[in-house]
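We number each residue from 1, following the sequence as shown.
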Amino acid sequence: MGPAARLAALLALLALRAGDRAGAAARGDTFSALTSVARALAPERRLLGLLRRYLRGEEARLRDLTRFYDKVLSLHEDSATPVSNPLLAFTLIKRLQSDWRNVVHSLEASENIRGNEEEGWRGLCLPLGTKENQTSSLLMKYSTLKDGYEKEEQDLPAFEDLEGAARALMRLQDVYMLNVKGLARGVFQRVTGSAVTDLYSPRRLFSLTADDCFQVGKVAYDMGDYYHAIPWLEEAVSLFRGSYGEWKTEDEGSLEDALDHLAFAYFQAGNVSCALSLSREFLLYSPDNKRMARNVLKYEKLLAESPNQVVAEAVIQRPNVPHLQTRDTYEGLCQTLGSQPTHYQIPSLYCSYETNSSPFLLLQPVRKEVIHLEPYVVLYHDFVSDSEAQKIRGLAEPWLQRSVVASGEKQLPVEYRISKSAWLKDTVDPMLVTLDHRIAALTGLDVQPPYAEYLQVVNYGIGGHYEPHFDHATSPTSPLYRMKSGNRVATFMIYLSSVEAGGATAFIYANFSVPVVKNAALFWWNLHRSGEGDSDTLHAGCPVLVGDKWVANKWIHEYGQEFRRPCSSSPED
């Protein structure tokens with residue numbers, strides 16, 4: 001029994017009290033005849049009924065709050081459910097952005113009702129001091145909770161975070177062709193026709209609630225993206241139907257809300273018959289809703305005028321991404337998760353111990369794996385140690401800020417790059433100087449500023465990615481030229497962590513991808529020897545499906561490398 005039901009019980013109690021006042025004079029001589037005393041049993045039975053309804057409502061509310069507490073507590077106590085799982089990360093943001101607020105405000109409404117009820121009981125001559133003490137104690141406990149919540153509120157995620165997390169789930173759904181029903185059950189399965197592929201098997205399944213699915217669907221709905229809204233809202237409706245009548249304090253939506261949004265999404269997508277069916281179902285639960293009744297009449301009229309709509313429904317198209325011309329290739333490479341066995345059957349690709357004739361590496365050569373020849377891409381295994389990787393992450397973490405990209409002469413955060421980054425000067429820690437020496441010895445290039453940029457450390461968020469892009473500047477107005485040291489001739493990228501699934505580096509035109517290899521470094525040339533950009537280096541950071549991806553980038557510029565990598569007059573070199 002929710003606050004509305006408890007309020008109804010209170011009103012009934014007050015009405016009973018008002019009726020009793022009208023007969024106050026007659027009650028004054030109840031004691032004088034036993035038959036009058038016997039008649040007093042009837043109002044007490046009615047009071048018992050009201051009290052029973054009130055207690056059941058309070059018990060239900062406390063059971064619901066205990067359920068919420070136990071659910072959240074179990075997630076904090078279980079180390080096997082880290083936030084690297086995008087479902088857990090999304091639900092954490094959702095809880096902190098809306099669930100806790102709904103719980104606290106629900107308690108506030110209950111306390112307001114309780115205060116009115118206390119006045120009603122007091123008028124019925126219950127022990128005044130005892131009741132007031134209990135009321136004061138309850139209000140004090142609630143005030144402590146509310147004050148504590150308000151102190152934490154400024155540090156809680158904003159609604160924009162919830163929107164971003166929902167879009168991240170949709171991104172993973174698209175890039176890895178994930179089944180929404182599977183995601184709602186906590187499994188990561190790619191479905192292509194009748195084939196089902198498990199991309200990741202969590203140690204513990206974590207299911208989404210109806211309200212979780214509703215929130216994802218609503219974010220897509222509010223953007224006018226019915227391609228994504230419909231499957232998520234369908235799952236929300238299905239789950240809400242299965243638990244209809246179970247009141248959950250933290251929920252933002254309900255079965256009626258989900259049916260309302262899903263019906264209109266289907267209508268916008270051109271499926272009028274589904275919109276009509278869902279609207280009629282809505283009216284079963286809320287028959288007085290005039291807006292929905294008008295919609296039903298509208299849909300019935302449309303179907304009567306175009307009966308073929310019942311059979312031939314419109315196909316919902318995935319929203320187009322104008323800036324991403326290579327989407328199919330990019331997503332196909334991401335779906336391989338960096339696994340292309342055929343590449344390792346090419347004789348010209350090899351593994352070796354690399355010293356680059358440097359005394360610095362003579363006693364400890366680096367394991368080199370040639371991944372691709374054109375463009376030339378190599379992977380240096382175990383380039384950093386676990387302790388070095390951890391230290392770099394620790395140095396960067398306090399300075400992380402939303403990653404930006406060059407847009408004309410400005411640097412802006414964008415949806416196609418989801419991560420945070422920080423720049424570390426080599427003066428921050430002696431270990432960074434050692435790292436620079438190691439990169440210089442391995443590449444033979446000058447990596448000291450201004451001939452190279454400071455180390456950029458990047459941590460990817462929920463479904464974090466960086467869509468296809470070039471590292472080198474493709475426009476003379478690029479901010480890269482402000483360093484006055486030429487274009488980025490080479491990229492040296494260090495993987496500072498492992499990931500459980502996804503996050504590969506995909507080279508789009510070269511048609512291969514490289515998985516995240518912890519502590520390894522990926523190196524490639526961005527420019528031909530002529531100084532022209534190599535279009536085959538168009539690459540992307542695939543969305544992180546599960547895991548916490550950290551990388552460190554060292555971008556090396558043209559100037560200072562004249563005698564280390566001599567230029568050529570041939571554009572093919």
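Rounding to the nearest 0.5 Å places CG of Leu337 at 6.0 Å from CG of Leu199. Rounded to the nearest 0.5 angstrom, Leu233 CG and Leu259 CG are separated by 10.0 Å. In this structure, the separation between CD1 on Ile418 and OH on Tyr460 is 11.0 Å, given to the nearest 0.5 Å.
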(request) Carefully, step by step, assess Arg294 and Asn289 under the rule side chain to side chain contact (heavy atoms under 4.5 Å, CB included). (result) CA-CA 9 Å; Arg294 287 194 299 269; Asn289 191 293; over 6 Å; no
(message) Determine whether Val405 and His469 satisfy the following criterion, side chain to side chain contact (heavy atoms under 4.5 Å, CB included), listing intermediate values before the conclusion.
(response) CA-CA 10 Å; Val405 299; His469 63 282; over 6 Å; no
(request) For the pair Ile494 and Val551, evaluate side chain to side chain contact (heavy atoms under 4.5 Å, CB included) and give the outcome as yes or no after the intermediate values. (result) CA-CA 5 Å; Ile494 308 167; Val551 300; over 6 Å; no
(message) Apply side chain to side chain donor-acceptor pair (under 3.5 Å) to residues Asp288 and Ser286 and explain how you reach the verdict.
(response) CA-CA 6 Å; Asp288 297 329; Ser286 185; over 6 Å; no
(request) Before giving the answer on side chain to side chain contact (heavy atoms under 4.5 Å, CB included), spell out for Leu178 and Leu545 the whole-Å C-alpha distance, their side-chain angles and the decisive distance to 0.1 Å. (result) CA-CA 10 Å; Leu178 297 176; Leu545 184 56; 3.9 Å; yes
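Counting non-hydrogen atoms of other residues, nucleotides and ligands closer than 6.0 Å to CD of Gln401 gives a total of 12 or fewer. Other residues, nucleotides and ligands place more than 12 heavy atoms under 6.0 Å from the NZ atom of Lys248. The environment of Gln390 atom CD is sparse: at most 12 non-hydrogen atoms of other residues, nucleotides or ligands sit within 6.0 angstrom.
Using a 4.5 Å heavy-atom cutoff, the side chains of Trp423 and Leu455 are not in contact. Counting heavy atoms from C-beta on, the side chains of Leu522 and Thr491 never come closer than 4.5 Å. Residues Glu500 and Ser84 have side chains in contact (heavy-atom distance under 4.5 Å, counting atoms from C-beta outward). The closest side-chain heavy-atom distance from Thr505 to Met493 is below 4.5 Å. Counting heavy atoms from C-beta on, the side chains of Thr249 and Asn102 never come closer than 4.5 Å. Annotation: side chain of Glu163 is not in contact with side chain of Ile93 (no heavy-atom distance under 4.5 Å). Using a 4.5 Å heavy-atom threshold, the side chains of Phe206 and Thr91 count as touching. With contacts defined as side-chain heavy-atom distances shorter than 4.5 Å, the pair Lys549/His465 does not qualify.
A donor and an acceptor atom, one from each side chain of Gln173 and Trp232, are located under 3.5 Å apart. There is no side-chain donor-acceptor pair under 3.5 Å between Gln189 and Asn179. Of the N and O atoms on the side chains of Thr326 and Asp328, not one donor lies less than 3.5 Å from an acceptor on the other residue.
Arg67 has no carboxylate O lying under 4.0 Å from a charged side-chain N of Asp70, or vice versa, which leaves the two without a salt bridge. The residues Glu250 and Lys71 are annotated as salt-bridged, a charged nitrogen and a carboxylate oxygen being separated by less than 4.0 angstrom. A salt bridge is defined here as a Lys NZ or Arg NE, NH1 or NH2 lying under 4.0 Å from an Asp or Glu carboxylate O, and Lys218 with Asp257 fails to meet this definition. Ion pairing of Arg56 with Glu59 is absent here, as no side-chain N (NZ or NE/NH1/NH2) approaches a carboxylate O to less than 4.0 Å. For the pair Arg318 and Asp174, the salt-bridge criterion is met [side-chain N within less than 4.0 Å of a carboxylate O]. Between Glu58 and Arg53 there is no salt bridge, since no side-chain nitrogen of the basic residue lies less than 4.0 Å from a carboxylate oxygen of the acidic one. At a threshold of 4.0 Å, the pair Arg291-Asp260 counts as salt-bridged, since one of the basic side-chain nitrogens sits closer than that to a carboxylate oxygen. Contact check on Glu252 versus Arg101 returns a salt bridge, with a Lys/Arg side-chain nitrogen under 4.0 Å from an Asp/Glu carboxylate oxygen. Salt bridge absent: Glu453 and Lys554 never bring a charged side-chain N and a carboxylate O closer than 4.0 Å.
In terms of heavy atoms, Gly463 sits closest to Arg171 at O-NH1, 2.7 Å. For the residue pair Leu239 and Ala210, the shortest heavy atom distance occurs at CB-CB, 3.5 Å. For the pair Pro157 and Leu96, the tightest heavy-atom approach, listed with the atom from each and the gap, is CD-CB, 3.5 Å. Scanning both residues, Ala258 and Phe240, for their nearest heavy atoms gives CB-CD1, 4.0 Å. The minimum heavy-atom distance between Tyr266 and Ala275, with the atom names listed, is CB-N, 4.1 Å. When all heavy atoms of Gly217 and Ala229 are compared, the pair lying nearest together is O-CB, 3.6 Å.
Residues passing the ring pair (Phe, Tyr, Trp, His ring centres under 6.0 Å) test with Tyr285, sequence neighbours excluded: Tyr244. Here Arg63 pairs with nothing under the salt bridge (Lys or Arg N to Asp or Glu O under 4.0 Å) rule; sequence neighbours left out. Residues satisfying the disulfide bond (SG atoms under 2.5 Å apart) criterion with Cys334, sequence neighbours excluded, are Cys542. Phe214 meets the ring pair (Phe, Tyr, Trp, His ring centres under 6.0 Å) test with His261; sequence neighbours excluded.
Sorted by first and then second residue, the salt bridge (charged side-chain N to carboxylate O under 4.0 Å, His left out) pairs involving residues 85-94 (not counting sequence neighbours) are Lys94-Asp99, Lys94-Asp211, Lys94-Asp212. Applying the ring-ring contact (aromatic ring centres under 6.0 Å, His included) test to pairs two or more places apart or on separate chains, those with a residue in residues 149-205 are Phe188-Tyr200.
Separation of the Trp100 and Phe68 ring centroids falls under the 6.0 Å cut-off.
A tilted orientation is assigned to the rings of Phe264 and Phe267, their planes being inclined by 30° to 60°.
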